[in-house]
*Asks:* 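Dumping the structure here so I can ask a few things about it.
Note on naming: letters A, B, ... go to the chains in the order of the sequence lines (proteins, then strands), and numbering restarts at 1 for each one. Just so it is clear, the model here is predicted, and its values are computed rather than measured.
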Amino acid sequence: MQELSKTYSPKDVEDKWYSYWEDRNLFHATVQKNKTPFTVVIPPPNITGILTMGHVLNNTLQDVFVRWKRMSGYEACWVPGTDHAGIATQNAVEKSLAKEGKHRYDLGREKFVELVWEWRQKYGSTIIRQLRKLGVSCDWKRERFTMDEGLSDAVKEVFIRLFDKGLIYRGKYIVNWCPQHQTALSDDEVDHEEANGNLYHIKYPILGTNEFAIVATTRPETMLGDTALCVHPKDDRYKHLVGKTAVLPIVNRHLPIIADEYIELGFGTGVMKVTPAHDANDFVLGQRHELSQINIFDETAHLNTSVPKQYQGMDRFECRRQLVKDLEALGCMAKIEPYVHNIGKCYRCHTIIEPWLSDQWFVKMRPLAGPALRVVHEGKIKFHPDRWAKVYEHWMTNIRDWCISRQIWWGHRIPVYYTSDGAYTAARNENEARKKLGVAPDAAIRQDEDVLDTWFSSWLWPFSTLGWPNDNEELHYFNPTDTLVTAPDIIFFWVARMVMANMEFMKGTPGKDGKPRKKDDDLVPFRDVYFTSIIRDEQGRKMSKSLGNSPDPLDVIDQYGADALRFTTAFLAPLGQDVLFSTEKCELGRNFANKIWNAGRFLLMNKQEIFGDNEISLDKLPAEHLDLADRWILSRLNQAIKTMNEKLDEFQVNEATKLLYDFIWHDFCDWYVELAKTRFYGDEPQDVKRASITRALWIFDQALRLLHPVMPFISEELWQHLANRKGASLMRADFPVVDARYINQTIEDEVGFMMKLIDAVRNIRGELNVPPSKQVDVYIYLHGEFGEKLAVNAEYVKGLLGYIERLCKAKAIPTWLQEGEKPKQHKNSASAVADGTEIFIPLEGIIDLDAERKRLEKEIARVQGLIDSIERKLSNPSFVAKAPKDVVAKEREKQKNIGVNLEKLKANLAAWS
RNA sequence: GGGCUCUUAGCUCAGUUGGUUAGAGCGCUACCUUGACAUGGUAGAGGUCACAGGUUCGAGUCCUGUAGGGCCCACCA
């Protein structure tokens, strides 16, 4: 057997086990009718992306769930894949083109798209490679891409079905236009930011009078597109103006003055200019009053030919400056005051959005939203934490139509075809389009130039990845999926839309029972949605590329190991709270890994010592020679198994992780392993030693199984060392199932009492600075119920005290005292009381009298405080009358026990004075 | 403006049906290289649980309000 290194070295084991699992197909899931599926679809990362801490958290959590379910007997299937990320990817490629001084128009559409595909071949799998380093157990054979053939078919199919149903329409609309990308953005892709601007007060002369109407605006340049002025119908200041005509300065266009309740009384001057082509609200207002729309910008937000010559070709901001000057020269600028307002910016390039009138495609969302709202409301889909359900419901009840066209080249081209006279339809190809349009088979036809919003493919993810629209068994078996783990900021972009799509398009597809689905239960895309925390840096800022505050997870893995990173992330991420992360925090996980490693090393050393090279089996618990410590750890273990399963069921991954930490570090390493040493190193018969080490290994084996979902690499490495696994893997081993027979509170109390004795002795040594090299005697009174048990279990206590012996490198020799008996040198002893049992440690010559007095006084004060609080309760008649009986009884019991402690402590203190 | 959320030890945070004098990790202090582990062990210091009311026998936990932080949605030209 090879020696294990003194510290755990992740680099030596991680890649080895990942290939082992992958080579043996252990990630792969298939339709298995006798097993319940557990399906997770990955939120597909962008092909432009590199692994961030957000991905680490998200994928660690998914892997924990998937590995846990896989070990628990489910057919666990985790479908991975990537997103083509239209705008982001096009951006990336255009950037590299720009380095060669080229623009996409230089190449033309076809060549450019070809280039993007090349780019995707080259760089698009980076994040997938990085994910493997994290240890994720994705079913890589099912990896999909939102633009691969199958998914493109799904996109087309969905578009055509919605189009034929009348749920997709084309319309002139004010969209959020990014002049940089020259494409429309959905409302959600616009970030609103506060900005310091000005409120310009411009005078509009009223025709046929000497009056002016003063209009306040933040964007004077849009006045070139004004087609009306508007006031509130109830505004007495301006009632007389309604129906009159104003003159647009500089342009001299005549503007009708209209009245509309949209105007907010009390804001600005009370008169608003109406620019239907360049403001979403004005657009609606303009439609209501049948105003003309004058578009003054081209697609790059430069002034077009519909404005006076001197402004044509100017950039919008340049035009603003010039216009302000000109208005001032004309005396039309009443005043300019500083003004803070919100402006919309492109979420990708931060360019200021221009509300722009253009032809776009939309999906009518209301008909789809109804069922999606219902399933969340009725709990068919559960959100964790559930407060997100409220956010979801609010958005869904106020849902607006979805602008799905994008004026870029990289993406799914809209499957709409036009005849030369403008008729159009949606079709799978040109021929089908001609048929649907009823034109000749050779008629000229052209496809829409636009592509679809990236989310138009990702909203189909839970079924398109499983082969839809082709009917197949895997789709029936793995959809609905089970748990979706995603960030709350894409609840509308993605989560809500997936619910709508799955419910709409899976209707009639056979379910697990082979019958066509009808019920909501079978139509939902997933049952649980876990919303991850947002990972922030230590200052609480969101991690972002531009801030450069996001540690590279690969560096972290390199430095600390994937398990350490996974553990730390899971440990730090409570359900529903943001996480402040820093690389150094991974020491927590690294130290834990090292602790586990050394526990394993210790057990293996002793196995070697006792068994030599003979192999052992850990198939079942070696139940011979069970002693108190064994019964105790078995109780603790089963408690841990129970709680672990419960916490994971409740999506409390951080709690499950904490539990692992406490069980392995404190219960197993601090106490059980230390107790086991008394047997490994003692003069027990060989068969007792054999049973002991085998049992310790068996417990450790169980602990590694519990650990595996969170720390797959180190658990597998150690698990393989514990016994000859004959080619098996921990990732396919059984997850521990609680055996309630082993949970034994009495034993835990007994051991707990002994621990208190040990703690008391340690406390004396620690506080009185008794050097470790100093041998001490320990006198223990046998007292009460536990006292009797102590006498019975004297051997265990000796063992426990032997533990002190090793820790302190000093002998601690227990002597049993009967009630009333006094230890020798009582006067010079330090003392403690644990659950009524007195301990004396004679410390003639070394003891500092003042120190011991202080120590006792401190302890008395603590216990006195406890007693006082109990007495306050018990002397309150209402408490005794109204509190539940068991609570009162517990208090009385406590009062009695602690009272005894207090008396003895006081007596001991008195002995000093 | 509407909604959500947070405020607990020096720092970062747990604490899900209200019931021991509130826990962890890091940091800090003291002691310890012992036959798994100094990425370790033992002991210790450190909190009027943001504030003010209320409900209750009992509140970190439930309710109301206040102050401060964060997020989301909608936006007034």
*Asks:* If you go through the side-chain atoms of A:E891, does one of them form a donor-acceptor pair with the base of B:U20 closer than 3.5 Å?
*Replies:* no

*Asks:* Contact class for A:P884 (heavy atom, under 4.0 Å): base, sugar-phosphate, or nothing?
*Replies:* base

*Asks:* Without decimals, in angstroms, what is the distance between A:D260 CG and B:A77 P?
*Replies:* 17 Å

*Asks:* Between A:K677 and A:E674, is there a salt bridge with N-O shorter than 4.0 Å?
*Replies:* yes

*Asks:* More 5' along RNA chain B: A:I867 or A:N606, using each one's nearest nucleotide?
*Replies:* A:I867

*Asks:* A:D670 has a side chain; which of B:G41, B:G40, B:U16 sits nearest to it?
*Replies:* B:G41

*Asks:* Any idea which of B:G44, B:A14, B:G19 is nearest the A:N763 side chain?
*Replies:* B:G44

*Asks:* Using a heavy-atom cut-off of 4.0 Å across all strands, would you classify A:Y661 as base, sugar-phosphate, or nothing?
*Replies:* sugar-phosphate

*Asks:* Starting at atom CG of A:L718, determine the distance to atom C1' of B:C37, rounded to an integer number of angstrom.
*Replies:* 13 Å

*Asks:* Return no unless some side-chain N or O of A:Y339 is found under 4.0 Å from OP1 or OP2 of B:A77.
*Replies:* yes

*Asks:* Could you tell me whether A:R590 contacts a base, only the sugar-phosphate backbone, or nothing, with contacts defined as non-hydrogen atoms closer than 4.0 Å?
*Replies:* base

*Asks:* Just wondering, are more than 12 heavy atoms of other shown residues or ligands nearer than 6.0 Å to NZ in A:K203?
*Replies:* yes

*Asks:* Would you please classify the geometry between the A:H721 ring and the A:W597 ring as parallel, tilted or perpendicular, with 30° and 60° separating the classes?
*Replies:* perpendicular

*Asks:* So, does the side chain of A:K595 form a donor-acceptor pair with the base of B:C37 at under 3.5 Å?
*Replies:* yes

*Asks:* Where the side chain of A:N598 meets the backbone of A:N594, is there a donor-acceptor pair that is under 3.5 Å apart?
*Replies:* yes

*Asks:* Distance check: side-chain N/O of A:K873 vs OP1/OP2 of B:U20, anything under 4.0 Å?
*Replies:* no

*Asks:* Roughly how many Å is it from CZ in A:R855 to P in B:G44, rounded to a whole number?
*Replies:* 10 Å

*Asks:* Is A:R762 near enough to B:A43 that one of its side-chain N or O atoms lies under 4.0 angstrom from OP1 or OP2?
*Replies:* yes

*Asks:* Strictly distance-based, threshold 3.5 Å: is any side-chain N or O of A:K585 a donor or acceptor partner for the main-chain N or O of A:T568?
*Replies:* no

*Asks:* Looking only at side-chain N and O atoms, does A:Y392 come under 4.0 Å of OP1 or OP2 in B:C4?
*Replies:* no

*Asks:* Using a cut-off of less than 4.0 Å, is there contact between a side-chain N or O of A:W671 and OP1 or OP2 of B:G41?
*Replies:* no

*Asks:* Taking Watson-Crick and G-U wobble pairs with both distances under 3.5 Å, convert RNA chain B into its dot-bracket string, 5' to 3', dots for unpaired and | for cross-strand pairs.
*Replies:* (((((((..((((.....[...)))).(((((.......))))).....(((((..]....))))))))))))....

*Asks:* Between the base of B:A30 and the side chain of A:E767, is there a donor-acceptor distance below 3.5 Å?
*Replies:* no

*Asks:* Strictly below 4.0 Å: does A:R765 bring a side-chain N or O up to OP1 or OP2 of B:C32?
*Replies:* no

*Asks:* Atom NE2 of residue position A:H394 - does it have more than 12 heavy atoms of other residues, nucleotides or ligands inside 6.0 Å?
*Replies:* no

*Asks:* Considering only B:U42, B:C37, B:G40, which nucleotide approaches the side chain of A:E674 most closely?
*Replies:* B:C37

*Asks:* Please tell me if A:K6 has a side-chain N or O lying less than 4.0 Å from either OP1 or OP2 of B:A38.
*Replies:* yes

*Asks:* Looking at A:Y661 versus A:W665, is the centre-to-centre ring distance below 6.0 Å?
*Replies:* yes

*Asks:* Any idea which of B:A36, B:U20, B:G44 is nearest the A:K858 side chain?
*Replies:* B:G44

*Asks:* Could you say whether A:L588 or A:N598 is positioned toward the 5' end of RNA chain B, judged by the nucleotide with the nearest heavy atom to each?
*Replies:* A:L588

*Asks:* Could you give the CD-to-P distance, from A:E650 to B:U16, as a whole number of Å?
*Replies:* 12 Å

*Asks:* Looking at A:K858, A:R762, A:R855, which hits side-chain hydrogen bond (donor to acceptor under 3.5 Å, both in side chains) with A:E767?
*Replies:* A:K858

*Asks:* Considering only side-chain heavy atoms of A:I263, which listed nucleotide, B:A14, B:A36, B:A77, is closest?
*Replies:* B:A77

*Asks:* Please name the residue in the list A:N198, A:I336, A:V324 that meets the side chain to side chain contact (heavy atoms under 4.5 Å, CB included) test with A:P220.
*Replies:* A:V324

